[in-house]
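Quick notes on the structure that follows.
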Amino acid sequence: MSESVVRIDSLRVELDSGEPIVEEVSLKIRPGEVLGLVGESGSGKTTTALALLGYARRGCRIASGTVEIDGHVLTAGDEHSVRALRGRVVSYIPQDPATSLNPSHRVGNAVGEMLRTHVPGSDPERGAREALERVHLPGDRAFRRRFPHQLSGGQRQRVAIASALVCEPPAVVMDEPTTGLDVVTQARILEEIDRLRREDGLAVLYVSHDLAVVASIADHLAVMYAGSLVEDGAATDILTAPSHPYTRGLIASIPDHAAPRRMNGIPGVSIEVGARPPGCVFAPRCSQQVARCQQEMPGRQDVAPGHRVRCFEWQKTPSLSHGASLTLHSTQEEAQVLEVVSLRAEYGSRATATVAVEDVTFNVSRGECVALVGESGSGKTTIARCVVGLHPPAAGSVRFDGEPLAALAKNRPQESRRRIQIVFQDPYESLNPRHRIRDAIARPARVLRGVSRQEAEAAVAELLERARLPAALAERFPAELSGGERQRVAIARALVAQPDLIVCDEITSALDVSVQAAVLDLLAELRAELGLSLLFISHDLGVVAGIADRVLVLDRGRVREEGPVSTVVADPQDVYTQELLAAAPRLEGVASPSA
């Protein structure tokens with residue numbers, strides 16, 4: 001077996017105040033090997049990943065431990081010497097390529113600049129061309145002269161990969177490189193990563209919250225919680241027989257389009273830095289805890305050769321078993337709430353109009369969830385914007401309770417605006433950063449329902465509880481919340497208007513699987529209790545199979561296939577639907593765990 005390219009030994013990263021963010025992390029990665037680093041937001045994944053570059057974010061420092069890559073110690077020496085190793089010995093690929101690609105630099109220059117910096121005397125133009133071709137992008141001059149905004153999301157991510165690998169480093173850190181991409185683009189990027197590590201012998205640290213994606217590419221897994229490694233070993237061993245209750249909880253939260261079921265989120269919330277208990281960090285959320293767990297931190301114990309766990313009671317962790325399958329919501333006798341007929345939507349001027357949606361017809365009944373799925377650019381979000389009045393249709397009609405709706409929300413009656421609400425993909429962009437959560441939720445109640453301040457305050461408390469959020473959170477600002485908390489606040493704000501239909505636009509795409517499960521569970525409860533209707537937009541077929549009754553598959557603005565979710569997933573008739581399902585990641589061979 002080859003020597004390890006990456007060695008992390010007893011790494012500790014802490015705040016300047018001394019509070020630990022990551023502690024006692026030790027890992028190894030061999031040439032051609034992919035190590036998947038998984039866990040919820042705040043678990044320390046990205047902090048550990050950045051430490052491989054010898055870097056700690058502002059307000060943090062690498063306090064102790066070593067990071068060695070290909071014989072170079074990145075936790076020693078000054079910033080100047082360590083910076084010279086970044087890109088040449090280890091490279092970093094971020095979740096959003098926009099953060100690493102300068103919008104004012106052409107693609108060829110962005111890739112070639114890495115060679116100019118780290119490989120003096122090389123031919124940057126030739127190197128950029130070859131690097132782009134290695135990731136299956138055109139290497140010709142016309143493509144190299146494009147700017148990042150002229151590329152698709154998948155192309156930008158490939159350019160980021162080409163830029164990271166152009167200097168042929170022995171190791172690369174990939175931090176959520178496919179999050180937010182549609183399943184087809186994601187599958188292509190994962191294929192490129194797998195091909196490059198096999199051909200070039202790359203040692204890859206792959207950071208993700210999506211275990212289904214990691215399972216498709218990783219050889220080994222390391223599971224983090226509250227800054228500590230709680231389980232690590234071969235990917236197949238951990239995915240089929242997890243020993244730590246937290247790992248099992250993550251697997252229980254993963255949706256699977258081939259075996260639809262109600263997801264089970266992990267009870268409680270992740271422990272924040274500075275609030276970690278003296279004993280086991282997972283004890284407050286663990287059903288297996290004993291008195292000892294609250295008093296001391298477990299050491300890492302061997303489950304099997306190469307498989308270790310940090311848990312006193314790991315032998316009590318239940319095995320994986322098949323959970324109960326979902327049953328479809330019957331809407332045969334329910335009244336139709338939303339009717340979209342022959343919808344056409346365009347962008348641009350009349351002279352240069354681009355058709356985004358063409359001849360789309362569907363309806364949503366009371367209490368029903370209808371999903372729109374497809375690749376990026378398929379027209380899903382445009383349809384959602386037409387329904388809520390943010391984009392005027394070029395043709396066709398949108399009717400609500402049998403009455404036609406005005407094209408734009410500003411021209412619709414206040415009652416119509418109240419009854420149709422939307423939750424956006426990124427709640428941070430829709431929540432005013434200067435308003436406290438209490439005010440963000442209370443305002444729609446006062447404006448759209450005309451209730452008093454006292455009644456609005458009572459509604460805020462009730463909805464925070466319903467969204468499984470602590471009452472104290474009402475006094476916080478959006479920046480003080482996690483992504484999952486902000487998304488649940490956005491749902492609570494939509495609910496305070498007491499709507500009949502909520503349009504959910506990719507609301508779970510960037511959430512941890514456990515938080516995603518909690519959000520989906522909340523929506524399922526609301527449908528059952530309030531008869532709420534949902535228009536659910538997603539590229540994740542596993543999520544769609546776990547919440548929707550019917551699905552429309554969209555491709556370039558047109559409906560390619562529609563029907564009950566169970567029928568479309570089990571027996572897709574359209575070639576495009578078959579391609580989407582083939583590209584969708586899943587934990588193949590792993591039983592769906594019951595609660």
Next on the checklist: If I take atom CG from residue L52 and atom OH from residue Y92, how far apart are they, to the nearest 0.5 angstrom?
Outcome noted: 11.0 Å
Checklist entry - For the atom pair CG (L132) and CG (L137), what is the distance rounded to the nearest 0.5 Å? => result 6.0 Å
Heavy-atom closest pair, residues [X] and [Y]:
X    : Y    : result
Q288 : K316 : OE1-O, 3.8 Å
R156 : L101 : O-CD1, 3.8 Å
L464 : A471 : CD1-O, 4.2 Å
S216 : L190 : OG-CD1, 3.7 Å

Checklist entry - Y246 and E40: side-chain donor and acceptor closer than 3.5 Å? => result yes
Next on the checklist: For a quick check under 3.5 Å, do T66 and R7 share a side-chain donor-acceptor pair by atom type?
Outcome noted: no
Checklist entry - Is R195 salt-bridged to E192, cutoff N-O under 4.0 Å? => result yes
Next on the checklist: Taking the basic N atoms (NZ, or NE/NH1/NH2) and the acidic carboxylate oxygens, is any pair closer than 4.0 Å for R134 and D200?
Outcome noted: yes
Checklist entry - In a check of ring pair (Phe, Tyr, Trp, His ring centres under 6.0 Å) between F282 and each of Y225, W314, F312, which one passes? => result Y225
Next on the checklist: By the definition side chain to side chain contact (heavy atoms under 4.5 Å, CB included), identify the one residue from T75, L53, V82 that meets it with V67.
Outcome noted: T75
Checklist entry - Checking side chain to side chain contact (heavy atoms under 4.5 Å, CB included) against Y206, which of L221, I193, D175, L35 comes through? => result I193
Item to check | Side chain proximity check, L27 to L229, heavy atoms < 4.5 angstrom | outcome: yes
Checklist entry - D232 and salt bridge (Lys or Arg N to Asp or Glu O under 4.0 Å): which partner among R308, K28, R310? => result R308
Next on the checklist: For E296, I'd like to know if atom CD has over 12 heavy atoms of other residues, nucleotides or ligands within 6.0 Å.
Outcome noted: yes
